Amino acid sequence: MSAQLSEQEIVRRENLQKILDLGINPFPSELFDVNVTAKEIKDNFKEGSSDYQKISLAGRLMSRRVMGKASFAGLEDSSGRIQLYVNRDEICPDENKDLYNKVFKKLIDLGDFIGVTGYAFITKVGEISIHVSSIKVLSKSLRPLPVVKTDADGKVHDAVTDPELRYRQRYVDLIVNPNVRDTFKKRTQMYTSMREYLNAKDYIEVETPILQPLYGGAAARPFKTHHNTLDMTLYLRIANELYLKRLIVGGFEGVYEFSKDFRNEGMSRFHNPEFTQIELYVAYKDYNWMMDLVEEMVEKVAMDMHGTTEVQVGEHIINFQRPWKRFTMYEAIEHFTGIDISNMDEEELRKTAKELHVPIDKTMAKGKLIDEIFGEKCEAQLIQPTFITDYPIEMSPLAKKHRTKEGLVERFEAVCNGKEICNAFTELNDPIDQRERFEAQLEIGKRGDEEAMVLDEDFLRALEYGMPPTAGLGIGMDRLAMIMTNSNSIQDVLFFPQMKPENNEEKNVTS
RNA sequence: GACCGGUUAGCUCAGCUGGUAGAGCAACGCCCUUUUAAGGCGUGGGCCCUGGGUUCGAGCCCCAGACCGGUCACCA
């Protein structure tokens, strides 16, 4: 840490010292009793009202306009920004004008935390403001923040848009870009809305292991770590599916978990190495029932977040109102390509894929070919929420075989804005079938597919004790948050998206 | 991983066919008791991402690398 201080950082450290020299503690310990927020005052104060006449609030100083013996300033708390009016002779009624002339005008810097008392009033120009009677330094800021200004038309000037700064120093992004705070508040609202919905149905929220001796429940490469005492390899979970099903075996009839999962794969605006899914398992239900649940829950989420089922996403307006369109995968392919592939064998599928210019390779079997055709020709065109049902069995080793359709499983995904947002099945609860499916995965693994599932004997043992018929669901919370907040990148809905280290020094610090 | 684009003051950005660094905001000094992208006068601030090269001379051209973004590949 031998970085040279900038001119402005030096000035701020000098100001800190000068505050100390005046006998003021720039980092006081005692609480500052706040009795109101900026937003409350702005929402409720009326001209001439006797409300808000003895107020006390705290926040960051974000702007300051000094006009000689009086000043205006912008104070920002978590609810928003409010204007302060500071008059020299009112905050310094005695001879000593240091608090105004030195502390307020010079030594407090933009970004410092201050607490003020005073009363609400409306300025000549009509802005609800606080007439300040006392000021207290609550915490000093030693680094200059970017200064973002908003003009009378609401147009923002010099907004901090550099993605690297925004993601690496999210705290700065949050201070300076109020819409970013809103996005994350909305994300939390989304979680709350789902919890309400699921708790009202008496499903219980549970926690299952993140460190797992075997990784399962999805097809993905894991992060690997080591437990020293046990001297064993552990994996960060790629999914929690197999643990939640064990709980269904154990007698819970509805369980869900918001699960941080980890996949050791590429990154993109849709992929972060750690991400969140909600998984839900409900006994005695099937995938048709689960589709109804997804519709109802996501519709409620949209209503809770936006007050309407219509959500602007990029150039589209997406309407989550029930019912959503439902296509089988074959129907979807026929709808978008005009080709009915439902009775084709592998050779015919291969030929069809080539005709449709879908890139394929020799290792792809029937199921994979169908999935490729769907992915290339249909998925991106599904903007409004749509259920796609009945997937090829090869790609769904944890889903139950379709009750009537040979070669398919009872599985659906909801696609929205061209991307999958959820994945669900009628869960496979036949332990013998499940063992065979795992064994098929082992074969695929031996042929070099790094994402093939591993066989989990304990999970099979659990199934052998008997699992009730169960419907299971996974929703990508980050993907859904992107849609619900109109965010273009997963990085915009994660506080701290994964980044490479800033420099080599940093790389070596911890190891 | 491949291709394309980016990296210049604390922030947002200019910088021409190569001639030795600019603006606005922020900072510093002075003025100003209802301003609001406050205003006026003045001042300082730069490893131009890093390392090589070409050149009399490189922010600019060439090579290598770092990081960021986009697209693709990968990824249920």
Side-chain angles (χ1 to χ4, degrees), chain A residues 3-12 14-15 62-74 81 83-90 100 106 109-111 121-127 129 131 141-168 172 176 217-221 238-239 263-273 275 277 359 367-368 371-372 374-375 379 388 391-392 394-399 411 413 415 419-420 422-423 450-451 453 474 476 479 488-489 491 497 499-504 506-507:
Chain A
Q4 282 211 318
L5 295 178
S6 71
E7 183 195 25
Q8 295 195 44
E9 287 172 303
I10 292 166
V11 167
R12 281 172 182 242
E14 287 168 359
N15 288 347
M62 294 301 283
S63 67
R64 179 172 47 200
R65 297 180 288 282
V66 177
M67 271 152 299
K69 298 180 184 64
S71 301
F72 289 91
R81 196 179 293 199
Q83 179 170 263
L84 307 179
Y85 173 72
V86 182
N87 183 302
R88 185 193 68 181
D89 295 332
E90 293 183 49
Y100 182 78
K106 302 285 178 193
D109 292 299
L110 295 186
F121 78 111
I122 297 181
T123 63
K124 278 181 187 169
V125 203
E127 180 165 349
S129 305
H131 200 119
S141 160
L142 296 182
R143 279 179 191 259
L145 285 168
V147 180
V148 179
K149 298 202 175 189
T150 308
D151 66 21
D153 303 330
K155 203 171 148 195
V156 177
H157 298 261
D158 298 335
V160 175
T161 53
D162 174 21
E164 186 163 2
L165 190 155
R166 289 190 50 225
Y167 301 145
R168 280 196 202 283
V172 172
V176 142
R221 275 173 289 172
I238 59 174
R263 296 188 185 175
N264 206 340
E265 290 164 350
M267 291 160 63
S268 77
R269 72 188 182 92
F270 294 104
H271 302 265
N272 194 68
F275 65 104
Q277 296 194 87
K368 186 73 182 162
D371 193 57
E372 286 294 316
F374 175 78
E379 197 168 29
I388 304 297
Y391 283 65
E394 298 92 322
M395 9 216 12
S396 314
L398 302 168
R411 169 177 174 179
E413 292 189 357
V415 180
K419 278 277 166 186
E420 171 202 342
C422 84
N423 183 18
E450 288 180 80
E451 283 157 9
M453 287 190 195
R479 299 270 178 91
N488 197 41
S489 165
Q491 297 173 110
M499 303 284 272
K500 287 194 197 177
E502 285 178 73
N503 52 51
N504 294 325
E506 194 170 311
K507 258 180 205 162

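Proteins come first, then strands; the chains are lettered A, B, ... in the order of their sequence lines, and each starts at number 1. Everything quoted here is computed from the prediction, not taken from an experiment. No hydrogens, no waters, no symmetry mates; every other heavy atom, side chains included, goes into these values.
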Are [X] and [N] close enough that a side-chain N or O sits under 4.0 Å from OP1 or OP2?
| X | N | value |
| --- | --- | --- |
| Lys106(A) | rG29(B) | yes |
| Lys69(A) | rU33(B) | yes |
| Lys500(A) | rC67(B) | yes |
| Arg269(A) | rU71(B) | yes |
| Lys419(A) | rA76(B) | no |
| Arg65(A) | rA38(B) | yes |
| Lys124(A) | rU36(B) | no |

Between [M] and [N] - [atom1] atom distance, rounded Å:
| N | M | atom1 | value |
| --- | --- | --- | --- |
| rU54(B) | rC60(B) | C1' | 14 Å |
| rG10(B) | rC28(B) | C1' | 14 Å |
| rA66(B) | rC49(B) | C1' | 8 Å |

Partners passing ring-ring contact (aromatic ring centres under 6.0 Å, His included) against Tyr100(A) (at least two apart in sequence or in another chain):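 Checked Tyr100(A) against ring-ring contact (aromatic ring centres under 6.0 Å, His included); matches are Phe104(A).
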Counting Watson-Crick and G-U wobble pairs only, both distances under 3.5 Å, name the nucleotide matched with [N], or none.
| N | value |
| --- | --- |
| rU33(B) | none |
| rC60(B) | none |
| rC72(B) | rG1(B) |
| rU7(B) | rA66(B) |
| rC28(B) | rG42(B) |

Per-nucleotide protein contact string for nucleotides 2-14 of chain B (B base, S sugar-phosphate only, - none; heavy atom under 4.0 Å): --------BSSS-
Ionic contact status for Glu9(A) with Arg143(A), cut-off 4.0 Å: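 Counted as a salt bridge, because a side-chain N and a carboxylate O are separated by less than 4.0 Å.
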